[in-house]
Amino acid sequence: LRLNIAFNYAGRTELVDAVRSIVRSGVEPDAIDESTVAQALYTSGLPDPDLVIRTGGEHRLSNFLIWQSAHSEFYFHEALWPDFRRHHLLEAVVAYQKRERRYGGITPAPTAIGAQ
């Protein structure tokens, strides 16, 4: 389990900084791919999050890990961050464990018995 906490962080600023870094390094535009961008992010070397927990009752990303959370599961909780406790984290993990991860794919619809 890795827990990352970001203070005074802005996902859009991170993306702008990543693009500037790539341009400064002289990478040709056609050579830029998702890996190039991921390596230029503040979180380079860290895995993308499987679960993003949003506290305070908000149901939005709020400019948080815009790139990295593309395939993340989200968990929203009413408690404010200072009041978020171990049992809240365990609730989030249990809820996450019950989810079916498809990474952008779709699950085939079940077929009716006897249908062809």
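As the structure is a computational prediction, the values presented were derived from the model and not from experiment. Along the sequence shown, residues are numbered consecutively beginning with 1.
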* **Donor-acceptor contact below 3.5 Å, side chain Ser72 vs main chain Pro49** => yes
* **For Ala95, side chain to side chain contact (heavy atoms under 4.5 Å, CB included) partners two or more places apart** => Tyr75
* Asked: How long is the gap from CG on Asp50 to CZ on Arg2, to the nearest 0.5 Å?
  -> 11.0 Å
* Partner residues of Glu58 under the side chain to side chain donor-acceptor pair (under 3.5 Å) criterion, sequence neighbours left out -> Arg60
* With sequence neighbours excluded, residues passing side chain to side chain contact (heavy atoms under 4.5 Å, CB included) with Arg86 -> Leu90
* Structure fact -> Between the CH2 atom in Trp81 and the CD1 atom in Ile53, the distance rounded to the nearest 0.5 Å is 8.0 Å
Donor-acceptor contacts, no H, no angles, side chain residues 36-46, under 3.5 Å, sequence neighbours left out:
residue, atom, partner, partner atom, Å
Thr36, OG1, Asp33, N, 3.3
Thr36, OG1, Asp33, OD1, 2.8
Gln39, NE2, Ser35, OG, 3.2
Tyr42, OH, Asp17, OD2, 2.4
Thr43, OG1, Gln68, NE2, 2.8
Ser44, OG, Gln39, O, 3.1

* Going by heavy atoms in the side chains, are His59 and Phe74 under 4.5 Å from each other? -> no
* **Heavy-atom side-chain contact between Ile22 and Ile32 under 4.5 Å** => yes
* **Interatomic distance, Leu61 atom CG to Arg54 atom CZ [nearest 0.5 angstrom]** => 8.5 Å
* Asked: For Arg12, does its backbone N or O pair with a side-chain atom of Asn63 as donor and acceptor, under 3.5 Å?
  -> yes
* Asked: For Ile66 and Tyr9, which heavy atoms make the closest approach, and how far apart are they?
  -> N-OH, 4.4 Å
* **Closest heavy-atom pair and its distance - Val52, Ser69** => CG2-CB, 4.1 Å
* **Set of side chain to side chain contact (heavy atoms under 4.5 Å, CB included) partners for Gln97, sequence neighbours left out** => Val93, Val94
* Structure fact -> For Arg99, the side chain to side chain donor-acceptor pair (under 3.5 Å) test, sequence neighbours excluded, returns Glu73
